[in-house]
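Read through the structure below, which is laid out as structure tokens, and then see the notes.
Chain naming here is simple, since letters A, B, ... match the order of the sequence lines and numbering starts at 1 in each.
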2 protein chains.
Amino acid sequence: MAQESPTFSPLYRQIRGLLTQALQSGEWRPGEAIPSETELAQRFNVSQGTVRKAIDEMAADNLLVRKQGKGTFVATHHDPRAFFRFLRLAPINGTIETSQSVPLECWRARAGQEVARMLDIEVGSQIIIVRRLLKFAGKPVVIDEIYLRGDLFPGLNLEVLKEQQGSLYSFFETRFGVRMVRAEERLRAVAADRQSAEYLEVSDGSPLLSVERVAYTYDDKPVEWRRGLCSTADHYYLNTLN
Amino acid sequence: MAQESPTFSPLYRQIRGLLTQALQSGEWRPGEAIPSETELAQRFNVSQGTVRKAIDEMAADNLLVRKQGKGTFVATHHDPRAFFRFLRLAPINGTIETSQSVPLECWRARAGQEVARMLDIEVGSQIIIVRRLLKFAGKPVVIDEIYLRGDLFPGLNLEVLKEQQGSLYSFFETRFGVRMVRAEERLRAVAADRQSAEYLEVSDGSPLLSVERVAYTYDDKPVEWRRGLCSTADHYYLNTLN
DNA sequence: TAGTGGTCTAGACCACGAT
DNA sequence: TCGTGGTCTAGACCACTAA
């Protein structure tokens, strides 16, 4: 094996690359089992332990999920345990609440400078803009404006959005084969504009939590840019620092 | 080895427990090297690979830091790379700024119900309250109110706080041997009260980012509870979702 | 009972840092 | 050159799931 500096990449990381490629190509779809470690070891001509280390890393990054005695599975946003991975809002008092996504608008447009930069696409490329309201226990909590790469979500419109069950990312995954893998959020406190205040049923100028997010798919390609305005009267944004 | 359900704990996790205990007891201080994997393997009567797996986990949790060719070291808040692990604020425009902590007040008090619950201590126990201002590039950005367990920070007062160089946690570490290992933050948007507005040089009622934090030391014991109010006019709170 | 992932071991060799 | 962590391998056995 060629293992020279400074291009040195350990074997298990190369295996991880091959596995990621297979995921990206759709060889194994979200929720499905991937071959056993022994099979993969034969396929890639390495020892089982090397495959194991590659899978360990990918499981740590939430790309795969191991289940003892059953196999290793492609991670999916359908899993209810993974639901709050990308939704860090929790009620201040009380337990888990049911959430509901209410799509308001959906239209196609051309990317301006800012969106183009965020999604790493050309200015003028087609994008999709979605506005939706997120409710917890029936009460409006977040108003989202979502910008998507137009080429990856063919046929997406308001009617289609209304079919959504579960999380939006779960919907994107099954309906368009686009799986969100990682995201970066930038939080600020802002004053509510008139329209947002109306939707969120708070008074004009109330402090709201602004959450800007860029979400990436397998190859670190940005796919979604969104800005959410959250009413933090009854909810907070939870973050754990390790 | 006894390995029966449901009390089953793999050997490497028991080793992790022993290592954590050693850290907690101060056998190896922050910044120091711990013994080599081979030495530890002999000491605990397990193979080197088992020690390795224990250390791997602890390195992933930022308790230890591996340095190839040199050894494994106890993680420290002195490390400038670790500085932003517990401080997620970044300037909206531009690069890294110098930060400065300005202590304002420091006094001892008795824990009320809320603080007692947060710090998992008895109501009436002695606590220390610190108020400080955090400046970025000379401008006030965060006003913090910090509640500490009184028993763990003997002799802490305003004069001592003024000796602080680097981060507050770095200071706690060297001065009191208390190392923060993990924290949970709850974020909300609130309106600035008169006093905070004055400190942060924003207008009364401006939206501010409220960051409540509980910080834990090695044995998951809560040690600090704080509430910060951040002006997000020129800074945002950055979070990465995996 | 068979198949999967999970643990533990032992040994060989590589990459890095210090001497 | 030596000691450290890093990688890779091979094999034995344990724990969990499903048939």
>> List the residues meeting side chain to side chain contact (heavy atoms under 4.5 Å, CB included) with B:Ala183, not counting sequence neighbours, and say none if there are none.
In response: A:Leu241, B:Phe86, B:Arg213, B:Ala215
> Once you round it to whole Å, what is the distance between P of C:dC8 and CD of B:Glu37?
Replying inline: 15 Å
> Nearest of C:dT4, D:dA18, D:dG5 to any side-chain atom of A:Ser36?
Replying inline: C:dT4
>> It should be established whether B:Thr50 places a side-chain nitrogen or oxygen under 4.0 Å from OP1 or OP2 of nucleotide C:dT7.
In response: no
>> Measure CG/A:Leu11 against C1'/D:dA10 and give the value in whole Å, please.
In response: 15 Å
>> Side chain of A:Pro10 only, heavy atoms from C-beta on: which candidate in C:dA18, C:dT9, D:dC8 is closest?
In response: D:dC8
>> Nearest 0.5 Å, please: how far is CG in A:Leu63 from CG in A:Leu19?
In response: 10.0 Å
> To the nearest angstrom, how far is B:Gln48 atom CD from D:dC8 atom C1'?
Replying inline: 13 Å
> Checking side chain to side chain contact (heavy atoms under 4.5 Å, CB included) for the pair A:Val178/A:Leu148: CA distance, chi angles, key distance, verdict?
Replying inline: CA-CA 11 Å; A:Val178 177; A:Leu148 300 162; over 6 Å; no
> What is the distance, rounded to the nearest whole Å, between atom CD1 of A:Ile15 and atom C1' of D:dT9?
Replying inline: 13 Å
> Does a nitrogen or oxygen in the side chain of A:Ser47 sit under 4.0 Å from OP1 or OP2 of D:dC8?
Replying inline: no
>> Using heavy-atom distances to pick each residue's nearest nucleotide on DNA chain D, tell me which of A:Gly69 and A:Val51 is more 5'.
In response: A:Val51
> Just how far, in rounded Å, is P of D:dC8 from CG of A:Asn45?
Replying inline: 14 Å
> Is there a residue in residues 52-68 of chain A whose heavy atoms reach under 4.0 Å of DNA chain C, and which residues are they?
Replying inline: A:Arg52, A:Arg66, A:Lys67, A:Gln68
> When the distance from CD of B:Gln14 to P of C:dC8 is rounded to whole Å, what number comes out?
Replying inline: 8 Å
> Does A:Tyr12 have a side-chain nitrogen or oxygen under 4.0 Å from the phosphate oxygens OP1 or OP2 of D:dT7?
Replying inline: yes
> Atom CD of B:Gln42 and atom C1' of C:dT9: how far apart are they, to the nearest Å?
Replying inline: 15 Å
> Closest nucleotide of DNA chain D for B:Thr38 versus for A:Lys70: which of these residues is on the 5' side?
Replying inline: B:Thr38
>> Can you classify the ring geometry of A:Phe136 versus A:His235 as parallel (below 30°), tilted (30 to 60°) or perpendicular (above 60°)?
In response: tilted
> Do B:Tyr237 and A:Asn239 have side-chain atoms, one donor and one acceptor, less than 3.5 Å apart?
Replying inline: yes
> Going by distance alone, is a donor N or O of one side chain under 3.5 Å from an acceptor N or O of the other, for B:Tyr236 and A:Glu212?
Replying inline: no
>> Just the rounded figure in Å: distance from C1' of C:dC16 to CZ of B:Phe73.
In response: 13 Å
> Heavy atoms, side chains only, cut-off 4.5 Å: are B:Glu184 and B:Tyr216 in contact?
Replying inline: yes
